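Not measured: the values here are computed from a predicted model. Remember, it's 1-based here, ligands and their atoms both numbered in the order they're listed. Quick note: residue numbers are just sequence positions, from 1.
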Amino acid sequence: MMNFGFTEEQSMVRKMVRDFVDKEIMPYISEWDAKGHSEPRILERLAELDLMGVCIPEEYGGSGMDYNTLAIVCEELERGDTAFRTAVSVHTGLNSMTLLQWGNEEQKQKYLVPQAKGEKLAAFGLTEPNAGSDVAALQTTAVKDGDHYILNGSKTWISLCDTADHFLVFAYTDKSKNHHGISCFIVERDMPGFSSKAIKGKLGIRAGNTGEIFFDSIRVPKENLLGKEGEGFKIAMAALDNGRFTVAAGACGTTMACLEASIKYCEERKTFGKEIGKHQLVQQMIAKMEAGLEMSRLLVFRAGWLKNQGKRNTRETSLAKWQACDFANDAANDAVQIHGAYGYSNEYPVERYLRNSKAPVIYEGTREIHTIMQAEYVLGYRQDKPLRNTLPAWPFEEALNKI
Ligand SMILES: Cc1cc2nc3c(=O)[nH]c(=O)nc-3n(C[C@H](O)[C@H](O)[C@H](O)COP(=O)(O)OP(=O)(O)OC[C@H]3O[C@@H](n4cnc5c(N)ncnc54)[C@H](O)[C@@H]3O)c2cc1C
């Protein structure tokens, strides 16, 4: 059954997040962005509003809503700023949903429950100085020592590096097995040997915290191995199916913000005796934004619909992420164009949208990686095999009763 409408609950969540963004982010964001200040109060407020575990079952401390409600939250948050959606992407999409999919009961109780309640903040450490798209090139190692693993190495470009309490960290337990030798660990900031350092001078997402994390012989208890030894690569790819979904949904928020700002400016600005919105070449840019927004949403909600049914959605999520992020980046470029020289200054928000819209074209699979993935699916060079663990279908009670 297909349904293109929102449920009453989804409409209420959209309105609640929109009101929150309008009141508590919009008035301050250009100042936070200019100062490179990531306001910690915003993440606390998201927790108070029960938005840090939107699609995590209630029995694990979450709100128990469906996966498309998470998409709605991400779209509305990114309408305010990409930094806050990025925080939800790593906390919920890349970390909590991964614990839900791969964690054992003990790990879920210890880590997922406080994360879903918003009491603890979580992040995801995959990228390294010499390993981005080429995940198997990572150099962090985990060596078994009795009841512990000793972790050494570092990660870079990690969102929430200075503020997260828990990290999923990917490391080689057996380098000779190439990507089949990567394992995933739950690492706590408080573990001796952990440190972090923010990256300064970012193009965008300046109101967000991004940087390096270092592991200096951290002793991680064996209970913190997620899944089995050697399952890390699969876990990372499954995590990205969820992270990319939130990035794609967020990109719709940037396109929507570009459209809103451009419509307003089209009404205000006059050239050659009429509002610029009456010029057909300006209309072309507005029409492209509208088309991009609607196409992106359809791709995002289709991926969410598959998630709700517990079906594999790597292909559909990759397409949604690639297209929605490209559309948002193009929309931001056109929004600056529509604003003329004023768009080139921070008097208007569109230059921030342009700077912010670039990172999502790079992170969670670059534009080029998604292009290759889509071509490979179509050409039959890539097929998704069933995973040992899947995300629970929604509604969660039904899924849990079936087990
Ligand atoms: C703001 C921000 C936040 C981030 N947050 C996180 C986070 O929380 N956790 C995390 O683990 N990582 C994070 N990242 C890192 C991000 O996921 C990586 O930057 C991304 O995976 C790309 O890797 P790379 O930067 O090393 O680029 P590279 O992989 O070195 O790629 C460089 C260029 O080569 C192209 N390229 C590479 N391989 C191919 C190929 N086979 N064919 C064609 N072209 C190719 C790429 O598309 C790109 O254009 C973040 C990045 C940013 C910018």
Side-chain angles (χ1 to χ4, degrees), residues 33 36 38 43 78 81-98 121-140 153-171 179 182 184-185 187 189 196-215 232-233 235-244 246-248 250-251 254 318 321-322 325-326 328-329 352-376 381-382:
D33 179 80
S38 49
L43 298 187
E78 186 155 334
D81 195 79
T82 312
F84 305 114
R85 193 275 308 149
T86 299
V88 169
S89 286
V90 297
H91 175 86
T92 303
L94 289 171
N95 192 312
S96 295
M97 288 170 79
T98 308
L121 200 54
F124 184 82
L126 181 63
T127 306
E128 296 189 0
N130 293 311
S133 310
D134 184 5
V135 171
L138 65 83
Q139 291 169 335
T140 297
S154 70
K155 302 281 170 182
T156 191
W157 287 103
I158 305 306
S159 307
L160 306 181
C161 69
D162 290 327
T163 48
D165 304 287
H166 307 154
F167 296 80
L168 289 182
V169 171
F170 296 83
H179 64 279
I182 298 172
C184 178
F185 297 90
V187 172
R189 169 177 301 282
S196 65
K197 185 169 174 265
I199 291 172
K200 302 281 177 209
K202 285 182 296 179
L203 174 69
I205 317 193
R206 292 183 181 167
N209 168 239
T210 324
E212 294 168 280
I213 54 177
F214 306 94
F215 322 117
F233 186 82
I235 295 175
M237 294 305 120
L240 288 168
D241 284 350
N242 300 323
R244 286 168 180 171
T246 62
V247 174
T254 285
S318 154
K321 192 274 179 189
W322 170 32
C325 294
D326 267 9
N329 192 217
R352 177 166 53 87
Y353 302 154
L354 181 58
R355 289 186 288 101
N356 280 352
S357 66
K358 191 62 197 173
V361 179
I362 295 169
Y363 61 42
E364 304 219 22
T366 62
R367 167 193 290 157
E368 292 69 36
I369 293 299
H370 289 292
T371 307
I372 291 167
M373 281 175 73
Q374 292 305 316
E376 287 181 348
Y381 304 157
R382 175 188 284 262

Closest non-hydrogen protein atom to [atom], residue and atom name please, with distance?
{"atom": "atom 39 (C) of ligand 1", "value": "I369 CD1, 4.2 Å"}
{"atom": "atom 23 (O) of ligand 1", "value": "G132 CA, 3.3 Å"}
{"atom": "atom 35 (C) of ligand 1", "value": "E368 OE1, 4.6 Å"}
{"atom": "atom 20 (C) of ligand 1", "value": "I362 O, 3.6 Å"}

So do [Y] and [X] actually touch side chain to side chain, heavy atoms under 4.5 Å?
{"X": "C161", "Y": "N209", "result": "yes"}
{"X": "H370", "Y": "R244", "result": "yes"}
{"X": "K358", "Y": "L203", "result": "yes"}

Does the side chain of [X] come under 3.5 Å of the side chain of [Y] through a donor N or O and an acceptor N or O?
{"X": "T86", "Y": "Y363", "value": "yes"}
{"X": "E128", "Y": "S154", "value": "no"}
{"X": "T210", "Y": "K202", "value": "yes"}
{"X": "E212", "Y": "S196", "value": "no"}

Among F233, F185, F124, whose ring pair (Phe, Tyr, Trp, His ring centres under 6.0 Å) with F170 holds?
F124
Distance filter under 4.0 Å to [X] heavy atoms, resulting ligand 1 atoms:
{"X": "T210", "answer": "3 (C)"}
{"X": "I158", "answer": "7 (C), 8 (O), 9 (N), 10 (C), 11 (O)"}
{"X": "V90", "answer": "8 (O)"}
{"X": "L126", "answer": "11 (O)"}

Using a 3.5 Å cut-off on N or O atoms only, is [X] in polar contact with ligand 1?
{"X": "W157", "result": "yes"}
{"X": "I205", "result": "no"}
{"X": "T366", "result": "yes"}
{"X": "I372", "result": "no"}
{"X": "T127", "result": "yes"}
{"X": "S133", "result": "yes"}

Indicate whether [atom] is within a distance of less than 4.0 angstrom of some protein heavy atom.
{"atom": "atom 9 (N) of ligand 1", "answer": "yes"}
{"atom": "atom 25 (O) of ligand 1", "answer": "no"}
{"atom": "atom 2 (C) of ligand 1", "answer": "yes"}
{"atom": "atom 33 (C) of ligand 1", "answer": "no"}
{"atom": "atom 30 (O) of ligand 1", "answer": "no"}

Between W322 and V361, does the side chain to side chain contact (heavy atoms under 4.5 Å, CB included) criterion hold? Intermediate values first, please.
CA-CA 7 Å; W322 170 32; V361 179; over 6 Å; no
Check step by step if side chain to side chain donor-acceptor pair (under 3.5 Å) holds for T371 and R367.
CA-CA 6 Å; T371 307; R367 167 193 290 157; over 6 Å; no
I'd like to know whether L240 forms a side chain to side chain contact (heavy atoms under 4.5 Å, CB included) with L94, so could you lay out the CA-CA distance, the side-chain angles of the two residues, the decisive distance to 0.1 Å, and finally the verdict.
CA-CA 6 Å; L240 288 168; L94 289 171; 4.0 Å; yes
Working for salt bridge (Lys or Arg N to Asp or Glu O under 4.0 Å), residues K197 and D162
CA-CA 7 Å; K197 185 169 174 265; D162 290 327; over 6 Å; no
Indicate, as side chain, backbone, both or neither, the part of E364 found under 4.0 angstrom from ligand 1 when only non-hydrogen atoms are considered.
backbone
